[in-house]
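Since the structure comes first, as structure tokens, the remarks are kept for the end.
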Amino acid sequence: GRFRNEVLPVLGRGGVVLGLERPGAALPAEALRHRSETESKTIPPWWLHRRIVNSGTLDYFESEVVSAARHFLEAGR
């Protein structure tokens with residue numbers, strides 16, 4: 001979720017929240033001002049169970065997501 005009202009119900013049900021970050025992603029100024037971009041920055045880091053930094057290839061990003069999913073599934077989350 002990119003909005004607090006999307007993340008809170010997940011947390012309330014015991015779900016897992018992953019933070020996704022893409023450093024250096026070039027977004028137009030108009031997109032950076034969009035509510036989904038500005039509000040996502042207000043989600044406290046302690047709401048996230050893990051942050052995934054997408055700074056490599058698509059294969060690398062996919063492996064990080066799969067690794068996180070496996071971790072939380074094995075932990076019974």
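Source: prediction; values computed, not measured.
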Minimum heavy-atom separation for L11 to W47, with atom names? CD2-O, 3.5 Å

On a heavy-atom basis, which atom in T57 and which in N54 lie closest, and how many Å separate them? O-OD1, 4.4 Å

Any donor-acceptor pair under 3.5 Å from E39 side chain to R4 backbone: yes

When every non-hydrogen atom of V10 is compared with those of V16, the smallest separation belongs to CG1-O, 3.8 Å

Taking all atoms of both residues into account, what is the closest heavy-atom pair of G1 and I43, and its distance? O-CD1, 4.3 Å

If I take atom CD from residue E74 and atom CZ from residue R70, how far apart are they, to the nearest 0.5 angstrom? 8.0 Å

Single-linkage hydrophobic cluster V53~Y60, side-chain heavy atoms < 4.5 angstrom: no

For E62, I'd like to know if atom CD has over 12 heavy atoms of other residues, nucleotides or ligands within 6.0 Å. no

Are the side chain of H49 and the backbone of V17 linked by a donor-acceptor contact shorter than 3.5 Å? yes

Between CG on residue L8 and CZ on residue F3, distance to nearest 0.5 Å: 13.5 Å

Would I52 and L48 show up in the same hydrophobic cluster when neighbours are defined by side-chain heavy atoms closer than 4.5 Å? no

May I ask whether V7 and V65 are part of the same hydrophobic cluster, defined by side-chain heavy atoms of I, L, V, M, F, W, Y residues being less than 4.5 angstrom apart, directly or through others? no

